[in-house]
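Throughout, a chain's letter reflects where its sequence line sits, starting with A, and its residues are numbered from 1.
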Amino acid sequence: MASEERTSEILDKLRQAVYDFEEDDAVKWAKTALEEGVDPFVATLEGLATGMIEAGEAYNRKEYFVPELLMCADALYAGLDVLKPAIDASGRTAEVKGSIVLGVVEGDVHDIGKNLVKMMFEVAGWTVYDLGKDVPLDKFVEEQLRTDSDVVGLSALMTTSMLAMPEVIKRIRAKNPKVRILLGGAPINPEIADKYGADGYAKTAGTAVDEAINLLKMLKEEEGRK
Amino acid sequence: MSGHKDTMTDRERVLALLDYKKPDRVPIWPFAYQGFACVYTGTSIADAYNKPKISYEAQKKTCADFGWVFTPMLGYAAYGGWELGGEIKWPSGEFAQAPTVLRHPVETPDDVMALEVPDVKTAGIVPLLKEFYDISSKEMLPNEPFNVMAFGANMSFTLAGNISGPDKLCKWMLKKPEAAHRLLQLANEHIIKLAEYWKDLYGVDGVLPLGGEPTSANQLISPANFEKFAMPYIAEVNQKFLDMGYKHLYAHICGEHNANLPFWARIPQGNPGIISIAQEIEISKAGETFPNDIILGNINPAIIQTGSPDEVYEATKKNVEDGMALSNGYVFSPGCEMPPMAPVENIRAMSQAVFDHGWY
Ligand code: B12
């Protein structure tokens, strides 16, 4: 077992490897963590994921841009690949915070923002079912039913494709009125999200997860009241 | 109503601006209205891209009906994916607005190193561009300052991103810079061949080389990477066009490029250049950055589709006031593509605001 001091050093190296997008270091320190008996859950959450959250903050400050975030994510996933077998072998399952079906609506290929949103949900411990871009409307409905996800997140970057959103929302609600629907993308704002019948809106990938957690809380409260 | 009477045609207005003179009033020259024109005239958005004759006639009628400068245009933002060997699909269905890349020509840095630029004459949409320019170069109407809008200037970085997918270009800039630079060289090699092809076919008179740069916006990349990976390549191509005898180039600076502006200012655009800015850039800032160039812009296209006619009128009026305050030449345009699904009342309100408030 690593000492407390050594553990915090290893966690810090993991965090730094992600933040500096040093994939090799992320792998090296993930291996070290396992060799020295650091809990792989702790290594994931307090090491790798913390680095990714800090990278997200650097993005909000315009110190990091999309390339930097994508490289941080690569380092994060490389470290996770090392830790994952140990997590599985421990028989413990990580507490899943929620699950979300995510995609860019039909007609629209702008997927860079959606990919960042996906990363932030994964870092926060959500299960993400990513449908990709230019997603036919019924695919959202089918995937939500198949996976019984709590939230569906829709992205659109154009005023043309954004018109698909109310239609998807209608179709999802017809099958499953309980699902919470979250919208995002440059032309969307809270008023439009409201008008389209969505439950929530987030302006950035960073705030998307908080918004989704709020939606789930509200859902639980509603159910509690019934 | 303004009570003013036109004393110039739209062609004369733009030619005056190109000669550093003020026209009688602000011309309306929207960026990329091909999709809107096809919807407005009752055909489909796909026709705007793959039926040159229909697209040309639709644009001609739309400009005549709304009092716009006619600059027949064909081209699309995802250009390069298909042209360098991948696949696209045409827009279809209710929500699509433009062609979409289905498969990129390269996946890995090794693919990039092995890629060769295919024959430009048969590449992707190029035969359709030629068919379109063949039609447009046949006439020069009184509302037409240029009759061939030759695709190719001001688009190197975006084209490179379309070859690999922008996410890969982004990553390679940081971790495999040799692959990123090679991709950009391939983009330029293609564009330079294209430029020579256009010059052979249509000469330089009445031809305006143009393009746009969404993928190098600061929504994606840092100004430092713009300086390293976008600026030199765009500048190389633009200089080539100018050396070939083109006098003016058109740049659509798409998205939020504020931190890139000092670098844009170093890219040659001709005398004067024609700079179309997105809604994310202040008109006054553009005027300062490009003191010798004509500024086109820049109301938010989303308002044109989703606002009320009054909102569109007010946004346009404000923009015209800001634009007329510049010492630069100014042309009214939305900040990006005219939304194809914009209501006709909104389009009328937009034009009307310029007719009412755009007089010098
Ligand atoms: C890069 C870009 C492209 C690239 C896209 C590459 C790709 N694979 O994504 C290319 C060159 C291919 C492209 C093509 C086109 N584009 Co474009 N493009 C852009 C640009 C400059 C940046 C978009 C971007 O990636 N931003 C960076 C990311 C990180 O930000 P984001 O997407 O906004 O995401 C953040 C938030 O919105 C939020 N978020 C996003 N999704 C979600 C989802 C949920 C659930 C939540 C909670 C939050 C959330 O979190 C993200 C991170 O913080 C925008 C400009 C703009 N103002 O957005 C134009 C823009 C979107 N494009 C535009 C246009 C017109 C086009 C074309 C139609 C042009 C054409 N005629 O060919 C084509 C369409 C192609 C198609 N079939 O879809 C217009 C749309 C106008 C309109 N009608 O509304 C824009 C707005 C430009 C403008 N100034 O008007 N484009």
Side-chain angles (χ1 to χ4, degrees), chain A residues 20-24 58-59 61-75 78 104-116 118-119 132-138 154 156-168 185-189 191-192 195-196 204-205, chain B residues 35-36 39 45 77-78 81 88-89 91-102 161-162 165-176 180 214-215 217-226 229 255-256 258-259 279-280 300-307 336-342:
Chain A
D20 293 342
F21 40 95
E22 292 293 350
E23 210 174 306
D24 294 344
Y59 173 76
R61 293 194 303 268
K62 297 201 178 201
E63 286 168 25
Y64 273 10
F65 293 77
V66 171
E68 289 78 10
L69 282 190
L70 293 175
M71 294 307 303
C72 290
D74 278 2
V104 181
V105 297
E106 186 176 321
D108 200 329
V109 293
H110 297 91
D111 62 351
I112 297 167
K114 182 270 297 167
N115 291 342
L116 299 186
K118 173 187 174 182
M119 252 156 48
K133 60 192 173 195
D134 190 15
V135 179
L137 308 192
D138 282 326
L154 306 175
L157 265 285
M158 299 189 292
T159 44
T160 320
S161 56
M162 135 188 138
L163 301 175
M165 288 173 150
E167 187 56 34
V168 186
I188 313 300
N189 58 40
E191 292 76 46
I192 293 182
K195 188 173 121 199
Y196 285 177
T204 66
Chain B
F36 171 77
V39 173
I45 291 184
I88 58 151
K89 74 169 187 197
S92 66
E94 268 176 86
F95 309 113
Q97 185 173 335
T100 295
V101 180
L102 287 182
N162 290 334
D167 43 351
K168 286 196 175 134
L169 174 59
C170 278
K171 289 188 193 179
W172 294 341
M173 284 193 308
L174 299 188
K175 282 283 154 126
K176 291 258 184 310
T215 305
N218 298 132
Q219 279 133 328
L220 280 91
I221 71 169
S222 64
N225 280 328
F226 185 92
F229 291 94
E256 199 271 282
N258 283 298
Q279 63 273 16
E280 289 94 344
N300 188 345
I303 294 179
I304 307 177
Q305 182 178 316
T306 58
C336 195
E337 175 167 342
M338 179 65 83
M341 309 314 252

Which answer fits [X], side chain, backbone, both or neither, if we ask what part of it has an atom under 4.5 Å from a heavy atom of chain A?
X	answer
B:Leu174	side chain
B:Gln219	backbone
B:Thr306	side chain
B:Pro91	neither
B:Gln97	both
B:Glu256	side chain

Heavy atoms from other residues, nucleotides or ligands near CD of A:Glu63 exceed 12 (cutoff 6.0 Å): yes

Work out which heavy atom in A:Pro67 is nearest to a heavy atom in B:Ile221; give both atom names and the distance. CG-CG2, 4.1 Å

Does any heavy atom of chain B fall under 4.5 Å from the side chain of [X], the backbone, both, or neither of them?
X	result
A:Leu69	neither
A:Ile112	side chain
A:Tyr64	neither
A:Glu68	both

Please tell me if the side chains of [X] and [Y] come closer than 4.5 Å, counting only heavy atoms from C-beta onward.
X	Y	value
B:Asn225	A:Phe65	no
A:Lys133	B:Thr100	no
A:Asp134	B:Lys89	yes

Find the distance between [atom1] ([X]) and [atom2] ([Y]) and round it off to the nearest 0.5 Å.
X	Y	atom1	atom2	result
B:Lys175	A:Leu70	NZ	CG	12.5 Å
B:Glu337	A:Thr159	CD	OG1	8.5 Å
B:Gln305	A:Met158	CD	CE	10.5 Å

Could you tell me whether a side-chain N or O of B:Lys171 sits under 3.5 Å from a main-chain N or O of A:Asp74, the two making a donor and an acceptor? no

Could you tell me which residues satisfy ring-ring contact (aromatic ring centres under 6.0 Å, His included) with B:Phe95, sequence neighbours excluded, listed by chain and number? none

